[in-house]
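A quick note: this is a predicted structure, and the numbers were derived from the prediction, not measured.
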Amino acid sequence: MKTHEEKLKHIKPLKFLPLIIVLVITFLTAASCSSDNDDYEGAVFDIDKTALTFLTDLKFGDELVLIEDETVQLKYNFGGDKTVVYAGSGATPEIIIAVKCSTRDAALDVFAKIDGFIGEQKNIFDDYNTSERPKLDEAVYDVYGSYVFCVVSADTAQSVEAIIKSNAN
């Protein structure tokens, strides 16, 4: 009968390396887009004001403009009770998205749609204007109570978080 050590000799440690790498990447991706801001449960935001504050206080390379409600519903259709979007020319992925939902569960559904949107944008910018692609890797989007905010800019996550904290009522 083989000892435990003899049995383990036949297992090649590198055999499991790809699995370990996939698990680590999955964990890190989930952690960066956590959608778990319980500190904001019950918070109330004026999404027009918050989106405008993002626009005026953060750095954008493109000139972002407010997208009309009808266009938001046709082009983006994230759901929620109210959505505010500022977008640029399309030459950059820069965008501001603010969504008010009736419940946290609805906000989590919107978050999933925005996550898919960011993924699609990454695929597009892999082939188009690749110098802008890193902004999508640094996109800040999360659920804050029953609200979802998303900012793609050259600015830092700390700036976005500071604006959200200062706009929560």
Side-chain angles (χ1 to χ4, degrees), residues 28-125 128-169:
L28 292 175
T29 301
S32 69
C33 300
S34 66
S35 74
D36 191 20
N37 271 322
D38 290 335
D39 294 347
Y40 292 95
E41 194 63 39
V44 176
F45 293 91
D46 177 334
I47 63 170
D48 294 293
K49 178 184 169 197
T50 305
L52 184 60
T53 304
F54 287 141
L55 180 68
T56 57
D57 290 5
L58 300 177
K59 297 176 188 131
F60 295 94
D62 204 352
E63 183 177 336
L64 304 187
V65 296
L66 180 63
I67 306 299
E68 305 242 348
D69 289 339
E70 298 82 27
T71 305
V72 168
Q73 295 307 316
L74 291 172
K75 185 173 181 181
Y76 300 102
N77 195 22
F78 296 123
D81 298 341
K82 180 178 180 182
T83 304
V84 175
V85 176
Y86 284 89
S89 64
T92 74
E94 295 176 328
I95 194 166
I96 298 167
I97 304 166
V99 184
K100 177 183 179 182
C101 300
S102 55
T103 65
R104 181 168 176 78
D105 287 341
L108 290 169
D109 289 341
V110 169
F111 174 84
K113 290 178 183 176
I114 291 175
D115 188 49
F117 171 77
I118 295 296
E120 291 170 8
Q121 292 297 298
K122 287 178 180 181
N123 290 336
I124 291 168
F125 279 88
Y128 169 76
N129 202 355
T130 56
S131 65
E132 292 289 318
R133 172 62 165 75
K135 290 179 183 176
L136 290 160
D137 292 327
E138 300 299 320
V140 176
Y141 55 106
D142 212 337
V143 175
Y144 300 87
S146 59
Y147 298 82
V148 182
F149 295 104
C150 171
V151 178
V152 178
S153 76
D155 228 334
T156 64
Q158 291 81 11
S159 298
V160 171
E161 290 297 324
I163 290 170
I164 288 172
K165 282 181 184 174
S166 70
N167 279 276
N169 294 325

Would you give the length of the straight line joining atom OH of Tyr147 to atom CG of Asp142, rounded to the nearest 0.5 angstrom? 15.5 Å
Set of residues satisfying salt bridge (Lys or Arg N to Asp or Glu O under 4.0 Å) with respect to Lys100, sequence neighbours excluded: none
Restricting to non-hydrogen atoms, name the atom on Ile118 and the atom on Ala139 that form the minimum distance, rounded to 0.1 Å. CD1-CB, 4.4 Å
Passes side-chain contact (heavy atoms from CB on, under 4.5 Å), Phe60 versus Ile96? Steps please. CA-CA 10 Å; Phe60 295 94; Ile96 298 167; 3.7 Å; yes
Distance-minimising heavy-atom pair for Val140 and Glu161: CG1-OE2, 4.3 Å
Does any part of the side chain of Ile95, heavy atoms only, come nearer than 4.5 Å to the side chain of Phe117, both counted from C-beta? yes
Can you name the closest pair of heavy atoms from Lys135 and Ala154 and give their distance? CE-CB, 4.2 Å
One should read off an interatomic distance between Arg104 CZ and Glu41 CD, to the nearest 0.5 angstrom, of 5.5 Å
Search all heavy atoms of Ser153 against all heavy atoms of Lys59 and return the closest pair with its distance. CB-O, 3.4 Å
Before giving the answer on side-chain contact (heavy atoms from CB on, under 4.5 Å), spell out for Leu136 and Val152 the whole-Å C-alpha distance, their side-chain angles and the decisive distance to 0.1 Å. CA-CA 6 Å; Leu136 290 160; Val152 178; 4.1 Å; yes
With a 4.5 Å heavy-atom cut-off, do Lys165 and Tyr144 have their side chains touching? no
Any donor-acceptor pair under 3.5 Å from Asp46 side chain to Asp48 backbone: yes
Using distance only, find each side-chain donor-acceptor pair of residues 69-81 under 3.5 Å and give its atom names and separation, not counting sequence neighbours.
residue: Asp81; atom: OD2; partner: Ser102; partner atom: N; Å: 3.1

Got a sec, which residues hit side-chain contact (heavy atoms from CB on, under 4.5 Å) with Thr53, two or more places apart in sequence or on another chain? Lys49, Asp57, Ile163, Asn167
What do the steps show when you test Ile164 against Phe54 for side-chain contact (heavy atoms from CB on, under 4.5 Å), and what is the final call? CA-CA 9 Å; Ile164 288 172; Phe54 287 141; 3.7 Å; yes
Taking atom CD1 of Ile114 and atom CG of Asp109, what is their separation to the nearest 0.5 Å? 11.5 Å
I'd like to check the side chain to side chain donor-acceptor pair (under 3.5 Å) partners of Asn129; sequence neighbours left out, ordered by chain and number. Ser131
Correct closest heavy-atom pair for Gly90 and Asp62 would be N-OD2, 4.0 Å
Taking only residues two or more places apart in sequence, or in another chain, which ones meet Ala168 in a side-chain contact (heavy atoms from CB on, under 4.5 Å)? Tyr40, Ala43, Phe45
By side chain to side chain donor-acceptor pair (under 3.5 Å) - contacts of Thr56 (at least two apart): none
Set of side chain to side chain donor-acceptor pair (under 3.5 Å) partners for Thr103, sequence neighbours left out: none
If only atom types and distance count, is the side chain of Gln121 paired as donor or acceptor with the main-chain N or O of Pro93 below 3.5 Å? no
Would you check if Leu52 and Tyr86 make a side-chain contact, meaning some heavy-atom pair closer than 4.5 Å? yes
For Lys113, the side chain to side chain donor-acceptor pair (under 3.5 Å) test, sequence neighbours excluded, returns none
Strictly distance-based, threshold 3.5 Å: is any side-chain N or O of Glu132 a donor or acceptor partner for the main-chain N or O of Phe125? no
Who pairs with Ala98 by side-chain contact (heavy atoms from CB on, under 4.5 Å), at least two apart in sequence or on another chain? Ile47, Ala51, Val84, Phe149
Asp137 meets the salt bridge (Lys or Arg N to Asp or Glu O under 4.0 Å) criterion, sequence neighbours left out, with Lys122, Arg133
